[in-house]
There are 2 protein chains.
Amino acid sequence: MTASHTVKILPEGLDVRVADGDDLLGALVFAGIRVSAACGGQGTCGRCRVIVREGDAPMESASPLTDTDIANGVRLACRTRVRENISIEVPVTSRVRALALSDTNDRITAQKLFEEEDIAARFAGAGHDPLFRAIHFDLPQPSLSDSTCDFSRIARAAKAAEGINIVDSELSAIAAIPKILRDSNWNATAYIWNVCAARHTSDFDEHGYRLTALRPGRTDALALVVDVGTTTVKTQLIDAASRTVLAEASEYNRQIPFGEDVISRILVANKGRGLKKLQAAVVETINALLTLLLKKTGRAREDLAAVFMAGNPTMTHLLLGVPPRHLREAPYVPVANAFPPFRARVDAGIDVPPGAYLHSFPGVASYVGGDITAGVLAAGIHRSPKLTLYIDIGTNGEIVVGNEEWLLTAACSAGPAFEGGGLRCGTRAAEGAIEGFWLDPDTREPSLLTIGHGKPGGVCGSGVIAVLAELLARGVLAPNGKLNPDDPRVRPCNDGLEFILARAADTSTGKDITLTEADCDNILRAKAAMYAGYKCLLGHAGVAFSQLDRVIITGAFGSFIDLEKAVAIGLLPELPRDRFFYLPNGALLGARLGSCSAALYREVDDVARMMTHVELSEDPRFMDEYMAAMFLPHTHAEEFPDVSKRLADCRKAAHA
Amino acid sequence: MTASHTVKILPEGLDVRVADGDDLLGALVFAGIRVSAACGGQGTCGRCRVIVREGDAPMESASPLTDTDIANGVRLACRTRVRENISIEVPVTSRVRALALSDTNDRITAQKLFEEEDIAARFAGAGHDPLFRAIHFDLPQPSLSDSTCDFSRIARAAKAAEGINIVDSELSAIAAIPKILRDSNWNATAYIWNVCAARHTSDFDEHGYRLTALRPGRTDALALVVDVGTTTVKTQLIDAASRTVLAEASEYNRQIPFGEDVISRILVANKGRGLKKLQAAVVETINALLTLLLKKTGRAREDLAAVFMAGNPTMTHLLLGVPPRHLREAPYVPVANAFPPFRARVDAGIDVPPGAYLHSFPGVASYVGGDITAGVLAAGIHRSPKLTLYIDIGTNGEIVVGNEEWLLTAACSAGPAFEGGGLRCGTRAAEGAIEGFWLDPDTREPSLLTIGHGKPGGVCGSGVIAVLAELLARGVLAPNGKLNPDDPRVRPCNDGLEFILARAADTSTGKDITLTEADCDNILRAKAAMYAGYKCLLGHAGVAFSQLDRVIITGAFGSFIDLEKAVAIGLLPELPRDRFFYLPNGALLGARLGSCSAALYREVDDVARMMTHVELSEDPRFMDEYMAAMFLPHTHAEEFPDVSKRLADCRKAAHA
């Protein structure tokens with residue numbers, strides 16, 4: 001794993017943990033410190049000055065600062081990368097004047113649910129029983145008095161060494177045995193796989209292993225762990241024995257050119273060779289990432305012994321080449337919720353050795369898939385007495401509520417707004433996407449923060465929330481989603497009015513970046529769908545928001561969800577902020593846990609079995625709740641008392 | 001199965017069962033009635049006249065008989081096929097004068113161990129639990145209130161219908177589900193396979209099934225059963241539900257051009273692409289036979305749900321593409337004695353649906369393979385209190401001795417003589433091979449019987465035994481394997497002396513067919529190896545021949561082993577003839593039993609485990625026994641008291 005450092009922010013005294021190489025501006029934003037950055041973080045406006053008080057943080061490139069400034073510890077936050085623990089002071093002159101949506105200027109992001117140490121602790125509790133493993137041995141050579149066949153000789157050694165019964169074999173593994181054993185002087189490593197535990201059933205005893213490969217000498221057994229998202233495919237290379245992440249890599253899903261969301265991909269899959277093409281595209285994505293991981297780590301492809309995949313039902317069907325058609329046609333029936341393990345190379349085309357199996361995490365319904373069960377497994381909701389709401393925000397928002405005793409789940413079609421889709425200037429959370437936005441209360445000039453700190457090219461999902469919340473607080477946007485025609489940056493457009501976020505001269509596209517009233521409407525619908533989803537699911541369970549011990553957020557937003565703003569627009573319920581937690585990638589973490597422990601892998605079946613699926617489209621309350629949520633933050637202000645009050649205060653101040 | 005008829009032979013009153021369409025000459029030979037046939041059965045010499053007394057048996061073609069003869073019921077046995085139950089009289093004029101090796105002219109072939117009825121009875125005892133089966137169902141259609149996924153819907157139906165847990169699936173099967181179910185209006189047949197019971201282990205519970213295929217409507221699940229012999233590949237198409245043989249077909253193993261015996265094939269496999277070529281050759285053989293079986297029965301290839309294969313270790317390794325090299329290099333270690341099931345199409349190239357698994361029967365040592373365990377299973381030796389000697393005579397002779405309590409096995413390299421190999425005029429048991437041979441005691445002219453009744457082209461294994469025994473009885477051959485130089489048909493050749501079996505004018509090759517002293521030596525070695533094998537194995541067990549309750553003979557000889565002659569040359573021990581049984585094809589029957597019953601399939605593992613292998617090359621007694629057996633019938637005449645006495649009588653009579 002990448003090293004991390006602590007940034008102490010003065011005078012607040014806040015500590016922020018950041019990864020090695022993260023930039024300081026991001027760390028400040030993460031901590032809720034609003035820093036001026038008119039240029040969007042490109043190092044040109046010179047407004048994000050900070051002073052290093054302890055440790056050192058070299059600047060990245062030329063800047064408007066003088067040598068004296070630099071000698072005095074002055075840095076531009078947007079051009080400074082954190083390489084060690086440091087203390088910095090953010091002078092008042094660098095700050096956007098706080099017009100607080102919250103009472104304090106405390107960090108407004110949710111805290112991470114787990115640190116790496118917590119994850120290690122979970123493994124410790126699960127026992128050392130991966131679904132696959134490498135067993136190294138020096139075998140006694142055969143003789144006339146010990147002429148046991150090669151395969152039984154290996155099985156005998158496995159039994160003696162680890163009490164393991166090898167009862168089955170991949171043909172390619174068995175065919176390679178005689179040469180490998182003799183060439184290696186009977187010193188070899190057997191890769192074995194728990195054929196029974198790998199199936200989604202609890203009816204099996206767990207003592208049958210399959211020989212999936214044999215290699216000369218001593219080698220490791222690695223797993224490829226994959227979160228196949230509709231938009232992004234994330235991978236990790238896992239060393240099963242040490243349970244460590246050797247490397248990670250992600251890339252856009254190469255299916256995107258076939259359609260942005262699952263529905264459009266299902267439509268493509270239904271026609272001609274569409275299914276084959278979609279399968280090939282995602283497999284190509286995974287294969288490219290695997291090659292990258294191997295290059296990063298210097299490991300051999302032959303080290304791979306298993307693949308673990310978590311994805312939504314459409315992604316799972318497509319990766320396996322199974323027709324997804326009926327996922328979107330009533331009564332919405334997957335071909336399988338729980339697919340058995342298949343051969344990753346022969347069956348799915350993933351470029352791993354022939355004996356490596358592909359394990360897909362089980363789903364629950366057509367739109368609640370293995371990414372959700374993996375996420376619940378990762379978050380440990382099913383083992384905790386704490387009543388938890390788990391939210392995966394994306395084009396399809398998935399919601400789980402429950403605890404160790406019960407779990408309810410539902411999916412709601414939020415639309416692509418939170419992934420930047422369906423918006424005039426929406427973009428995925430990629431280089432140049434606006435993800436932070438503030439209006440200077442005096443000048444009413446915007447400060448932008450873009451991913452990668454380049455010129456803005458559009459607004460991504462987290463940026464949209466930031467923009468909406470800021471415009472709402474500054475009185476530019478009315479609670480019904482209408483723009484204030486009197487604002488100097490508001491102008492008419494084809495879709496009613498629009499607000500100019502950045503002017504053509506300052507953008508990478510050479511065109512104005514705007515937010516239209518139609519965009520606002522899309523976002524309203526998206527957040528209303530999510531909120532109505534929580535309400536209905538909680539209603540089914542007969543619990544109120546206030547009874548929730550935890551709200552865990554995962555999904556498309558990456559590490560950048562501005563909690564206060566998400567509550568401000570009514571995307572998240574108003575609850576004490578310390579009940580909110582962020583799980584950077586629940587699906588990937590769940591898949592990783594399963595790859596390192598057969599017990600945890602099988603536990604996900606319990607999770608799937610515990611989950612009762614609620615079909616929201618069949619719930620008569622859903623439409624009422626949805627309509628009520630089509631207001632910022634909500635039609636019923638009493639559901640957001642503090643936010644509503646502060647919003648009123650802000651507006652008063654803005655007009656003062 | 002082919003119909004069978006009874007031929008009553010008068011005046012003896014013997015009944016012989018023959019298959020529909022068998023020729024009458026063969027039936028007479030089978031019954032031990034020696035009929036004149038100077039032409040070798042071509043219908044030209046007119047010496048094999050018989051008279052039909054009851055029923056009818058039309059002649060096949062033109063013959064030396066007059067219309068009056070035919071009207072009076074006279075037939076040439078060699079040109080007459082049996083189509084119904086008949087009684088025939090064999091006049092003295094048609095008979096070779098009996099110079100009896102046995103005291104009576106009773107049938108001298110061993111009786112069949114089982115009739116079809118006995119086999120059916122064995123199934124009845126085993127319970128109806130095939131390893132694979134077809135389950136037909138009308139599924140309830142999914143609805144919003146029953147939106148179980150397709151795969152679980154099938155599993156639910158299987159559980160309800162037969163209490164079966166489907167826990168796994170072939171990917172091709174699962175991917176085909178949605179279309180098949182909907183196109184067939186939810187009326188379909190699932191092919192399932194007992195994934196756990198199929199493995200060579202008893203550590204599994206038996207309740208996990210795998211979906212291997214799904215087909216619309218109601219269809220049957222068939223098995224292809226294969227006995228892969230070094231020389232001949234025999235197949236049957238089995239209906240698992242009714243446990244019937246739908247058709248059978250056999251063909252020479254297309255590996256033969258690469259070498260006649262296993263050793264030469266192993267040498268080919270060790271070089272370059274030899275293994276691939278040998279695998280392709282046998283797979284091609286099997287595929288051709290399968291196509292023939294489907295054509296014969298009009299069944300669909302998709303009906304095939306499983307393949308069961310019994311073969312010697314070399315054949316098993318080659319079919320699977322597993323290097324056989326170490327089978328023939330000390331310390332003679334197979335890659336695996338028991339191979340797990342593999343995918344018949346993907347792994348081995350057999351042209352069956354992708355979900356059909358290939359089950360190979362387990363072996364015991366490098367030269368005792370699945371054909372022997374399958375044969376023991378078929379013969380039921382391991383379940384019988386009767387002390388049994390099981391002999392599979394071929395290039396490699398395999399021997400088993402034991403009963404329900406213990407089993408010993410050994411292989412002895414007999415050489416190819418009993419398959420017609422290594423002899424000057426040897427040939428495989430094919431069209432034109434001499435398989436019956438008698439010398440007229442008066443004229444000393446030979447009567448030949450060839451397979452197919454064409455002109456002789458060589459001598460096959462069973463023919464060699466007949467020739468040797470006859471020459472020995474007639475004093476042409478001395479007990480030490482030397483020919484009598486004074487015999488009119490004996491002449492010098494490159495290898496010492498030779499006996500002229502047929503003159504060039506009468507053969508299909510246009511050359512004399514002879515038996516040389518070198519040939520005799522080869523046969524002596526072969527029979528000595530077999531006999532020494534029995535002796536050593538019985539010695540290991542501490543039992544004498546006289547304690548044997550049964551001797552079961554199977555193997556290369558087909559249905560034509562002349563028991564009396566085999567004892568006369570010392571290939572079989574001298575025991576009361578009613579202790580000898582013939583099992584036409586033990587390996588194929590065993591494979592067939594396994595294909596119809598999981599219990600019987602798994603029982604073969606018990607057989608393999610019960611078997612203790614004795615390495616004869618390591619047994620110091622073997623060479624002594626071998627040398628002692630290099631005499632006709634044996635150096636120690638007391639081991640063959642009756643034969644020795646009769647032989648002396650014959651010789652006296654011959655010289656009288």
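Note that the structure is predicted; figures quoted are calculated from it, not measured. Labels below follow one simple rule: chain letters A, B, ... track the order of the sequence lines, proteins then strands, and each chain is numbered from 1. The analysis underlying the following values was restricted to heavy atoms, covering all of them including side chains, and did not include hydrogens, waters or symmetry mates.
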Student: Under a 4.5 Å cutoff for heavy-atom pairs, which residue among B:L320, B:D146, B:I174 has the most contacts with chain A?
Tutor: B:I174
Student: B:R153 versus chain A, heavy atoms under 4.5 Å apart: side chain, backbone, both or neither?
Tutor: neither
Student: Which heavy atom of B:A175 sits nearest a heavy atom of A:P323, and at what distance?
Tutor: O-CD, 3.2 Å
Student: Can you tell which part of B:R343 gets under 4.5 Å to a heavy atom of chain A, answering side chain, backbone, both or neither?
Tutor: side chain
Student: Non-hydrogen atoms of chain B under 4.5 Å away: do they reach the side chain of A:I177, the backbone, both or neither?
Tutor: side chain
Student: For chain A, which candidate among B:L171, B:V333, B:V322 shows the most heavy-atom pairs at distances under 4.5 Å?
Tutor: B:L171
Student: Which bit of B:T148 comes within less than 4.5 Å of chain A, counting heavy atoms only: side chain, backbone, both or neither?
Tutor: backbone
Student: Taking every heavy-atom pair that is under 4.5 Å apart, which of A:Q141, A:R182, A:R325 has the most such pairs with chain B?
Tutor: A:R182
Student: Taking all non-hydrogen atoms of both residues, which atom of B:P340 and which atom of A:D168 are closest, and how far apart?
Tutor: CB-OD1, 3.1 Å
Student: Measure distances from A:A336 to the heavy atoms of chain B and classify the residue's part below 4.5 Å as side chain, backbone, both or neither.
Tutor: both
Student: Go through the atoms of B:E170 and report whether side chain, backbone, both or neither lie under 4.5 Å from a heavy atom of chain A.
Tutor: backbone
Student: Quick check for you: to the nearest 0.5 Å, what is the distance between A:E615 atom CD and B:L144 atom CG?
Tutor: 6.5 Å
Student: Restricting to non-hydrogen atoms, name the atom on B:V335 and the atom on A:P178 that form the minimum distance, rounded to 0.1 Å.
Tutor: CG2-CG, 3.4 Å
Student: Around atom CZ of A:R273, are there more than 12 heavy atoms of other residues, nucleotides or ligands at under 6.0 Å?
Tutor: no
Student: Between B:S147 and chain A, which part of the residue has a heavy atom less than 4.5 Å away: side chain, backbone, both or neither?
Tutor: both
